[in-house]
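Report on the structure given below.
Sequential numbering from 1 along the given sequence is applied to the chain's residues.
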Amino acid sequence: MKEIKMGTVGLLHSNSLHMYSHYKDQNNLFMPSFKVTLFSPSYSGLCSTKKPSFVSSTPQKNRFTSSHFEQNPPQKSKPEHGFSSNSPVVDVSSVGKMIRGLTDDGLFEDAITVYLKILQYGFQAVEFRFFPCLIKAFGGLCDVEKARQIHGHVLKLGFFDDLYVQNSILGMYWKCGDVKDAIQLFEKMCERDLVSWNTMISGVCQSGNHLGSLMIFRRMIDELVVYPNRISCLSALASCASIEALIYGREIHGYLVKTGLDVDEFLISGLIEMYMKCADIRSAHRVFKSMLDKESIRANAVIWNVMITGYVSNGFLSLALKLFLEMLNSGIRPDSSTMVAILVLCSQSLNIEVGKQIHGLLFSYGLHTDVRIETSLIEMYFKCGDHVNGLKIFCQSKNHNLVMWSAVISNSVNNGCPAKSLELLQDYMLEYGFPDSIMLLAALRACSSLALKSQGLQIHVLAVKLAVDSDIFVGGALVDMYGKCKDMKSAHKVFWKLPFRDLISWNALISGYSQNECVDEALKAFHVMQSEQIRPNAVTAASLLSVCAQLSVMNLCKEIHCYLLRQGFEQNVLVNNSLIATYSKCGDINCSWTIFKNMPERNEVSWNSIILGLGMHGHTFEMFDLFEEMKEAGKKPDGITFTSLLSACSHAGRVQMGWKYFKSMVEDYKLEPQVEHYTCMVDLLGRAGHLNEAYDLILAMPCVPDDRIWGSLLGSCRNHGNEKLAELVANHIFKLDPTSIGYRVLLANMFEDFGRLNELFRVRSEIKDMGLKKLPGCSWIEVNNNIHIFVAGDRSHRQSHDIYAAIENLTLEMKRAGYFTHLQTVKSDS
């Protein structure tokens with residue numbers, strides 16, 4: 001028989017038990033020095049910190065609530081708990097049944113009370129024969145100290161030699177999470193039966209030591225001359241699923257087939273789950289198909305649920321939906337687990353139409369009020385972009401719990417409703433108190449997207465109060481929030497206080513430096529990250545390429561590009577999108593085009609990046625053609641796409657084309673124009689000389705115009721010599737930004753062009769009186785891999801003499817060629 005078992009379940013060698021041997025401690029197994037208070041009339045140290053009074057969590061079932069025991073009970077009293085205080089004999093059998101019934105009902109404290117009560121009435125503990133039930137009640141308390149007390153009590157009474165008692169104590173320690181005592185007890189047991197081994201295998205599995213559980217399973221086969229039963233195999237299969245031990249799982253499957261246990265519905269579920277967790281879809285399907293031939297278990301919804309959930313978790317969404325429909329057609333009633341799996345399917349596939357049908361189906365099955373289903377519905381609607389219905393379900397639900405609150409707060413941020421997320425967090429705190437770390441993460445992301453530093457500071461203080469500010473996820477979110485709020489000093493401080501810095505926190509810091517134009521700090525941080533052996537990912541690469549784009553340094557861009565190729569990022573969409581944008585900003589549109597054409601996969605950002613690059617380099621017609629290709633490829637243009645198109649039309653003077661795209665954005669794609677779109681249109685009309693039309697467009701805007709849109713029109717007024725409109729526009733600008741130096745200088749220059757010296761002196765006096773100073777212009781150029789920086793009027797460069805001499809020579813050549821300064825009007829196609 002042993003030979004058969006070795007062949008059918010050939011798991012790891014029996015000596016390989018080192019994975020859990022660190023739990024063992026051979027000293028003081030039973031710890032006789034523990035204080036045992038079972039014989040004290042008050043027994044307050046065992047079950048309560050107050051005077052003996054047990055209150056059940058389910059009062060309607062509790063027959064022994066609020067029982068206060070007197071030190072000297074009267075001679076006569078009413079029968080209580082099934083016996084009276086003056087009874088000469090206690091019916092042990094009735095008491096045992098009572099304890100078993102209370103334990104089975106989950107009334108563990110009440111069960112213990114019954115035992116303590118009979119001791120108080122003089123019953124001799126050595127005559128009690130229901131310790132396994134009593135020990136199970138102690139296990140239900142999940143209190144290690146009380147578990148050790150009953151262990152010591154049983155030892156003193158001399159009942160510990162009973163194998164049933166030993167197994168009960170072993171199970172009690174596992175329920176209490178006391179791994180060390182459980183393993184010590186198991187190793188000290190002189191005799192072990194199948195229950196002992198099963199308890200151990202299951203306990204080690206539930207403690208998270210799945211490999212250790214398989215080691216004990218193997219050891220049982222070597223030491224115990226019996227076959228493992230269904231309980232042993234269920235725990236072993238669960239361990240195989242958790243650590244994706246496909247080889248061992250297949251061995252157990254072979255054993256089940258040989259012993260005929262493969263028809264057990266629980267083991268069928270365990271096998272399917274194991275194969276699905278190990279990504280062996282075909283084997284899972286074979287097990288499931290074999291189940292369909294068995295009438296007795298074909299209608300088991302749990303097996304169908306495991307199969308559907310496995311398909312979803314492995315990304316086979318169409319197969320999961322097909323199986324769900326087959327389940328319905330077979331007349332099998334889905335339960336909440338089925339519906340949760342299908343709603344997750346809809347969330348992952350963004351299939352809101354199927355999701356709405358499932359939502360309607362829930363009412364017919366009476367599952368619409370289940371809290372898990374309501375939470376899944378909220379997730380589905382949010383992820384499919386319908387935050388209105390998601391919030392509606394949340395508001396109508398009467399099952400608000402921590403998970404649901406976390407889901408709605410987090411999804412509000414992810415779905416572009418950060419303000420609503422902060423509002424929901426405030427509602428939660430008013431009703432329930434402090435939030436958990438998941439809610440704090442969502443709130444910090446909301447503050448980041450809205451650049452709300454004040455609220456971010458409040459969340460930071462809350463994180464410190466809850467002692468989660470050093471959490472790696474919360475810390476990374478804090479760094480990101482401060483970076484988005486342009487407070488890199490605080491971001492730097494939070495980052496270096498983190499006890500452990502992972503890739504996410506490094507990315508948050510580098511991205512913050514990049515977004516705040518701290519290019520040197522970003523590059524230094526990247527080098528430090530590399531020195532700490534942190535491997536960069538696509539997000540890191542995008543931040544570094546953004547630094548290159550800000551500097552417009554081609555050499556650095558190529559260096560990072562080569563580094564990314566060596567790291568295997570050549571197929572990454574995010575990296576390629578960043579490369580397209582960076583090369584175009586560094587002046588090499590050809591490289592951008594080559595990267596775009598060679599991309600195996602393109603998203604909307606890819607198309608937007610190349611369209612913007614072509615527009616920047618004046619390739620207007622190529623850009624228009626590419627926009628048509630984008631539509632043919634099934635990609636939907638967004639606001640960024642139209643900003644690029646309108647900007648290109650502005651620089652090319654294509655007024656009619658600009659109006660065409662502007663109207664298409666509104667009518668064809670239902671996009672609401674933002675300030676940047678109106679700015680492009682005003683710039684387009686202003687360059688073409690349609691100043692009044694541009695002015696009217698600004699006044700008709702549904703959104704509030706900013707100083708940039710008025711500034712664009714002011715520049716056009718200067719170019720076209722419209723003094724009256726220029727002054728009107730300038731008044732709008734100075735109302736929005738009274739301290740604007742740039743636009744005041746522009747207005748002064750315009751008055752100088754028009755010869756209005758009095759107005760010129762007035763504007764210059766205002767600038768002087770207000771103490772405004774214009775920062776000098778700065779530019780740089782890369783020559784032979786060296787960057788040369790110049791400031792207006794700067795002569796600090798070592799070759800400044802030669803530079804200015806060259807400028808003077810060029811100026812003379814221009815004059816000889818007949819060049820003279822003039823105002824240039826942009827031609828239009830109108």
Side-chain angles (χ1 to χ4, degrees), residues 349-353 383-385 414-416 538-539 541-542 545-546 548-549 557 561 564 569-684 828-829:
S349 61
L350 303 180
N351 194 337
I352 194 170
E353 295 303 322
K383 289 185 178 178
C384 291
N414 299 335
N415 205 58
V539 178
L545 289 169
S546 176
C548 297
C557 176
H561 190 179
L564 295 173
F569 287 114
E570 64 273 10
Q571 301 296 321
N572 188 280
V573 177
L574 175 61
V575 170
N576 283 324
N577 292 343
S578 300
L579 283 168
I580 292 169
T582 303
Y583 272 119
S584 65
K585 290 179 180 178
C586 290
D588 192 346
I589 190 61
N590 292 326
C591 276
S592 295
W593 180 253
T594 301
I595 293 169
F596 176 78
K597 296 300 289 184
N598 291 332
M599 287 178 68
E601 180 186 353
R602 303 175 188 138
N603 58 15
E604 284 79 2
V605 178
S606 313
W607 290 91
N608 287 344
S609 299
I610 191 64
I611 287 173
L612 177 61
L614 290 171
M616 288 171 54
H617 287 265
H619 300 289
T620 310
F621 294 104
E622 291 87 346
M623 184 187 72
F624 294 155
D625 292 339
L626 195 64
F627 175 66
E628 298 302 322
E629 289 183 30
M630 176 183 180
K631 292 191 291 183
E632 291 174 3
K635 302 299 181 182
K636 185 178 179 181
D638 56 13
I640 298 174
T641 317
F642 284 103
T643 300
S644 303
L645 291 168
L646 294 174
S647 177
C649 290
S650 174
H651 288 87
R654 305 292 298 275
V655 176
Q656 294 299 330
M657 188 67 76
W659 275 119
K660 174 187 172 183
Y661 287 131
F662 188 81
K663 291 177 181 177
S664 176
M665 176 178 66
V666 177
E667 298 173 1
D668 299 335
Y669 296 98
K670 310 303 179 185
L671 295 173
E672 184 178 349
Q674 303 299 314
V675 175
E676 55 267 24
H677 300 116
Y678 284 105
T679 302
C680 290
M681 287 302 300
V682 168
D683 188 59
L684 169 62
S828 71
D829 59 355

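- Atom CG of N608 sits about 4.5 Å away from atom CG of D638, to the nearest 0.5 Å.
- Put simply, the side chain of S609 never gets that close to the backbone of A581: no donor and acceptor are under 3.5 Å apart.
- Taking every heavy atom of both residues into account, N572 and A538 meet most closely at OD1-CB, 3.4 Å.
- Note that CD1 of I640 and CD of E676 are 8.5 Å apart. Values are rounded to the nearest 0.5 Å.
- Looking at Q674, its side chain does come within 3.5 Å of a backbone N or O of E672 through a donor-acceptor pair.
- Distance NZ/K383 to CG/N414: 8.0 Å, rounded to 0.5 Å.
- Remark: the backbone N or O of L646 is not paired with any side-chain donor or acceptor of S650 at under 3.5 angstrom.
- Judged by distance alone, with hydrogens and angles left aside, the side-chain atoms of H651 form a donor-acceptor pair with the main-chain N or O of S647 at under 3.5 Å.
- Looking at T643 and C680, their side chains come closer than 4.5 Å, going by heavy atoms from C-beta outward.
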**Request:** Using the ring pair (Phe, Tyr, Trp, His ring centres under 6.0 Å) rule, take F642 and F662 through it: C-alpha gap first, then chi angles, then the decisive distance, then the call.
**Result:** CA-CA 8 Å; F642 284 103; F662 188 81; 9.2 Å; no
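- Between F624 and Y661, the ring planes are tilted. Angles from 30° to 60° get that label.
- In terms of modelled atom types and a separation under 3.5 Å, the side chain of H617 and the main chain of S584 share a donor-acceptor contact.
- Annotation for N576 and E570: closest pair ND2-O, 3.0 Å, computed over non-hydrogen atoms.
- With hydrogens and angles ignored, the 3.5 Å screen pairs no side-chain donor or acceptor of S546 with any backbone N or O of A542.
- Taking both residues in full, the closest heavy atoms of V575 and A541 are given as CG2-CB, 3.9 Å, listed atom of the first, atom of the second, then distance.
- Taking 4.5 Å as the limit, some side-chain heavy atom of S592 sits within range of a side-chain heavy atom of I610.
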**Message:** One pair to check against side chain to side chain contact (heavy atoms under 4.5 Å, CB included): L612 and M623. What are the steps and the verdict?
**Reply:** CA-CA 8 Å; L612 177 61; M623 184 187 72; over 6 Å; no
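- The shortest side-chain heavy-atom distance between K663 and V666 does not fall under the 4.5 Å cut-off.
- In plain terms, the two heavy atoms of P600 and Q571 that are nearest each other are CG-OE1, 2.8 Å.
- Heavy-atom neighbours of F621 CZ from other residues, nucleotides or ligands within 6.0 Å: at or below the threshold of 12.
- Within a 6.0 Å sphere centred on NZ of K631, other residues, nucleotides and ligands contribute more than 12 heavy atoms.
- Pairs of residues two or more places apart, or lying in two chains, never qualify as salt bridge (charged side-chain N to carboxylate O under 4.0 Å, His left out) while including a residue from residues 588-610.
- In this structure, CG in D625 is found 13.0 Å from NE2 in H619, a value given to the nearest 0.5 Å.
- Within the 4.5 Å cutoff, the side chain of W607 has no heavy atoms near those of the T641 side chain.
- The closest side-chain heavy-atom distance from L564 to L545 is below 4.5 Å.
- Shortest non-hydrogen contact noted between M681 and G658 is SD-O, 3.9 Å.
- Remark: the backbone N or O of S578 is paired with a side-chain donor or acceptor of T582 at under 3.5 angstrom.
- Taking CG from L614 and CD from E622, the interatomic distance works out to 6.5 Å, rounded to the nearest 0.5 Å.
- Atom OG of S644 is separated from atom CE of M616 by 9.5 Å, given to the nearest 0.5 angstrom.
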**Prompt:** After noting the C-alpha distance and the side-chain angles of C649 and V655, does the key distance pass the side chain to side chain contact (heavy atoms under 4.5 Å, CB included) rule?
**Reply:** CA-CA 7 Å; C649 290; V655 176; over 6 Å; no
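- Taking 4.5 Å as the limit, every side-chain heavy atom of N577 sits out of range of all side-chain heavy atoms of F596.
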**Request:** Kindly indicate, with the supporting measurements, whether the criterion side chain to side chain contact (heavy atoms under 4.5 Å, CB included) is fulfilled by E629 and L626.
**Result:** CA-CA 5 Å; E629 289 183 30; L626 195 64; 3.8 Å; yes
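- Without hydrogens or angle criteria, D683 side chain to T679 main chain gives no donor-acceptor distance under 3.5 Å.
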